[in-house]
Student: 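Quick one: this structure, given as structure tokens, is what I'll be asking you about.
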Amino acid sequence: MLRKRIESEIVETVNKLWGDEVFQANLKSFKVEIPDERFGEFSTNIAMILSKPLKTKPIEIAKKIVEKIKTGELFENVEIAGPGFINFKLKKNVYTELLKNILNTGERYGRKEPNGMKVQIEFVSANPTGPLTVGHGRQAVIGDVLSKVFKEEGFEVTKEYYFNDAGRQMDLLAQSLWVRYNQFFGKKLDIPEDGYHGDYLVELAKEIAGKFKADYVGKWNDEIKEIFKEMAKDAMFKLIKSTLERLKVQFDIFFNEKSLLEDGTVNEVIEILKSKGLLYEKDGALWFKVSEFVDEDDKVLIRSSGIPTYFMTDIAYHYNKFKRKFDRVYDIWGADHHGHISRMKAAMKALGIPDDFFNVILHQFVTLKKEGKEVKMSTRKGEFVTLDELMDSVGVDATRYFFAMIDPNTHMIFDMDLAVSKSNENPVYYVQYAYARIKSLFRKAREKGIEYRKGENLDLLCDIDQEKLLVRDLDLFDETLEDTLRDLAPNKITNYVEKLVSRFHNYYTDNIILDTDNRDLSNARLNLCKGLETILSKVFDILGISKPEKM
RNA sequence: GCCCCCAUAGUUCAACGGAUAGAACGGCGGAUUCCUAAUCCGCAAAUGGAGGUUCGAUUCCUCCUGGGGGCACCA
């Protein structure tokens, strides 16, 4: 990475001038940045940082550094500006070498060697009680994109979907479905207040009525409940999986909460906690001493009815993850699960699991705006827009791009009407158009009889700033992925690619790429386009959007 | 009451503590004898309020105001 090379040049220079101690003491806020274009290609704040320890004006420090550093392989021009920034322009061959590297490495460019770390990302994890909503969509895209970045950065990644197909919610679903089935045959029955009111059960009830006729009308017992539950579950999972497939999100493992009870993990966890004296009984229930670890009230693990709480099974689930030898796990949760985090951390500590094992990526909610009104979404009340409906309206690419482009920490307002009416002006098309343009250039080159020769004529590039900056931005791909993992924020990638593509569109407008009177230059520029195509292709794969040959 | 996230242009979003706060959509005005105008160029338009830390704050800290979400033997 160019930035790192510049950093080490500066470090070396500072060490020569003032010794290692000065630098080490002030390392923290030292930076090489990408400045506004009018200042150059790179810049550093080193002189400002050293001003205090050296008791010298930043300008004076900058002067000394510039004097010393000027004779390098790297820099074409180094100058001081503003309050003491040092701005750099690099020699053109630095850029052409970099481009050559990208061209030679191709699809593998930027991919890190395996680092031996096993990471698990758990997301969506919706119980099979209804169709996936746009909220799940946000989570699915965040999880999927981050998984790909982890892989690219050398981690071994497992994508997991955790679900519960037992318990009260499923009972309510079964009952709600049964009521819809009865209603189909004209019975006057109401869905329980806290049952599932969505239309999707009406459809399913119709199918069931076709299959079983009126066999279960007016009859309700545990056996029938199980039958309806099973049918509901199968239908919902089928629906959920088809939605995920359409969104191009695949999971490695679907993990059933029930298995934790069946394979004894829950009991094992209880035994461990008991042996450490962290459990006690009260009011017929079994409590965990959360308060020993964090400033919170103790919580019930086993209800007085003997049934474990969600907290209990979730602890067991994470204990199970730990036993599966993941180095780190990331749970992607909606903002409503926030309160659960510190309790879980307490439990991890109690089980002796290292602090950095359990990580949560919390994302804020998606509010939908439809016909000018905000729609409060609730799966149970049947008031929601499904992920499928969203994809119907704006397409898969735009759906994925839209969810990826917003910081998970930000509450997201999704204006459906706008998304539909403006679908042709979505940023995803802006980005994809650049890719299509490049593809078109190569087609056109063949038509015009301009031969593309990989890696040749590169010395004709980078005499203009646009080309230097384009290559510099290609180089930023690497650190964009690092930033994405550091902040666990996929929107770093969309920001990056939009800037990159914008630069290309400008370049394309201002310069003729294919010129039959200047075939060598044309070939040089085709090489630049090829480099861009390589990076765009990687970015699109990570974002999971398509790569159109033409638009 | 306590805890978490957020507050930036008319709208939806950006901005590792850096220089004149960027885009997109919307508004106004331009560019096509030439590789795709789903593009490009120009104009108008924003950091909720008060303090603090810093050479330098949209960013960090405190308080206030306003949104969202939590504070179960629900998940």
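Lettering follows sequence order; numbering is per chain, from 1.
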Student: Test of understanding: with ring-ring contact (aromatic ring centres under 6.0 Å, His included), list the residues that count as partners of Y507(A), not counting sequence neighbours.
Tutor: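 For Y507(A) there are no ring-ring contact (aromatic ring centres under 6.0 Å, His included) partners, ignoring immediate neighbours.
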Student: Which nucleotide wins on minimum distance to the side chain of N164(A), given the candidates G18(B), A75(B), C73(B)?
Tutor: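 When the side chain of N164(A) is considered, A75(B) is the closest of G18(B), A75(B), C73(B).
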Student: Roughly, in whole Å, what's the span from CE in M344(A) to C1' in G70(B)?
Tutor: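 Roughly 17 Å, once rounded to whole Å.
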Student: Report yes or no: is the ring centroid of F85(A) under 5.5 Å from the six-membered base ring centroid of G18(B), with the two planes under 30 degrees?
Tutor: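 No; by the centre-distance and plane-angle rule, F85(A) does not count as stacking on G18(B).
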Student: Once side chain to side chain donor-acceptor pair (under 3.5 Å) is applied, what residue pairs with a partner in residues 330-347 of chain A remain, sequence neighbours excluded?
Tutor: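 The answer is E296(A)-S342(A), D314(A)-H340(A), H318(A)-D331(A), K321(A)-D331(A), R328(A)-Y330(A).
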Student: Just jot down the salt bridge (Lys or Arg N to Asp or Glu O under 4.0 Å) partners of K57(A), sequence neighbours excluded, or say none.
Tutor: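 None.
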Student: List, with names and distances, any nitrogen or oxygen atoms from the protein found under 3.5 Å away from nitrogen or oxygen atoms belonging to nucleotides 1-7 of chain B.
Tutor:
| from | atom 1 | to | atom 2 | distance (Å) |
| --- | --- | --- | --- | --- |
| C4(B) | O4' | H338(A) | NE2 | 2.8 |
| C5(B) | O2' | Q364(A) | NE2 | 3.4 |
| C5(B) | O2' | N409(A) | O | 2.4 |

Student: Report the residues that fulfil side-chain hydrogen bond (donor to acceptor under 3.5 Å, both in side chains) with K499(A), sequence neighbours left out, ordered by chain and then residue number.
Tutor: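 Once residues adjacent in sequence are excluded, K499(A) has no partner under the side-chain hydrogen bond (donor to acceptor under 3.5 Å, both in side chains) criterion.
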Student: Indicate, with a heavy-atom threshold strictly under 4.0 Å, whether P35(A) touches base, sugar-phosphate, or nothing.
Tutor: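 Base contact.
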Student: Going by side-chain hydrogen bond (donor to acceptor under 3.5 Å, both in side chains), name the residues that satisfy it together with Y435(A), two or more places apart in sequence or in a different chain.
Tutor: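 If we apply the side-chain hydrogen bond (donor to acceptor under 3.5 Å, both in side chains) test to Y435(A), skipping adjacent residues, there are no hits.
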Student: For the pair made of OH in Y401(A) and P in A24(B), what is the distance, rounded to whole Å?
Tutor: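 About 12 Å, once rounded to whole Å.
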Student: Quick one: do Q175(A) and Y196(A) satisfy side-chain hydrogen bond (donor to acceptor under 3.5 Å, both in side chains)? Show the steps, please.
Tutor: CA-CA 9 Å; Q175(A) 199 186 339; Y196(A) 290 84; over 6 Å; no
Student: Report all side-chain donor-acceptor pairs from residues 40-56 of chain A shorter than 3.5 Å, counting only partners two or more places apart or in another chain.
Tutor:
| from | atom 1 | to | atom 2 | distance (Å) |
| --- | --- | --- | --- | --- |
| E41(A) | OE1 | L90(A) | N | 2.7 |
| E41(A) | OE1 | Y95(A) | OH | 2.7 |
| E41(A) | OE2 | K468(A) | NZ | 3.1 |
| T44(A) | OG1 | K31(A) | O | 2.8 |
| T44(A) | OG1 | I46(A) | N | 3.3 |
| N45(A) | OD1 | K31(A) | N | 2.9 |
| N45(A) | ND2 | S29(A) | O | 2.9 |
| S51(A) | OG | T56(A) | O | 2.9 |
| T56(A) | OG1 | L54(A) | O | 2.7 |

Student: Would you state whether a donor and an acceptor, one from the side chain of S304(A) and one from the base of C73(B), lie under 3.5 Å apart?
Tutor: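 Side chain to base: pair present.
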Student: Polar-atom pairs under 3.5 Å, protein N or O versus N or O of nucleotides 32-36 of chain B: list them with distances, or write none.
Tutor:
| from | atom 1 | to | atom 2 | distance (Å) |
| --- | --- | --- | --- | --- |
| C35(B) | O2 | I513(A) | N | 3.3 |
| C35(B) | O2 | L514(A) | N | 2.9 |
| C35(B) | N3 | I513(A) | N | 3.1 |
| C35(B) | N4 | Y508(A) | O | 2.5 |
| C35(B) | N4 | N511(A) | O | 2.5 |
| U36(B) | OP1 | S440(A) | OG | 2.6 |
| U36(B) | O2' | Y433(A) | OH | 2.0 |
| U36(B) | O2' | R437(A) | NE | 3.4 |
| U36(B) | N3 | M551(A) | O | 3.4 |
| U36(B) | O4 | M551(A) | N | 3.2 |

Student: Can you sort out which residues in residues 473-504 of chain A have a heavy atom within less than 4.0 Å of RNA chain B? Ascending by number, please.
Tutor: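 Residues of residues 473-504 of chain A under 4.0 Å from RNA chain B: R486(A), K492(A), N495(A).
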Student: Counting Watson-Crick and G-U wobble pairs with both distances under 3.5 Å, what is the dot-bracket string for RNA chain B, 5' to 3', using [ ] for crossing pairs and | for pairs to another strand?
Tutor: (((((((..((((....[...)))).(((((.......)))))....(((((..]....))))))))))))....
Student: Do the side-chain N and O atoms of S502(A) and H505(A) include a donor-acceptor pair separated by under 3.5 angstrom?
Tutor: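 No, H505(A) and S502(A) have no side-chain donor paired with an acceptor closer than 3.5 Å.
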Student: Quick one: side-chain hydrogen bond (donor to acceptor under 3.5 Å, both in side chains) partners of N409(A), sequence neighbours excluded?
Tutor: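 Once residues adjacent in sequence are excluded, N409(A) has no partner under the side-chain hydrogen bond (donor to acceptor under 3.5 Å, both in side chains) criterion.
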Student: A21(B) base to D36(A) side chain: any donor-acceptor pair below 3.5 Å?
Tutor: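 No such pair is found, so the answer is no.
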Student: Which residues satisfy the side-chain hydrogen bond (donor to acceptor under 3.5 Å, both in side chains) test with E292(A), sequence neighbours excluded?
Tutor: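 side-chain hydrogen bond (donor to acceptor under 3.5 Å, both in side chains) check on E292(A) returns nothing, list empty.
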Student: Taking the nucleotide of RNA chain B with the closest heavy atom to each, which residue, Y430(A) or G339(A), is nearer the 5' end?
Tutor: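 Its nucleotide being nearer the 5' end, the pick is Y430(A).
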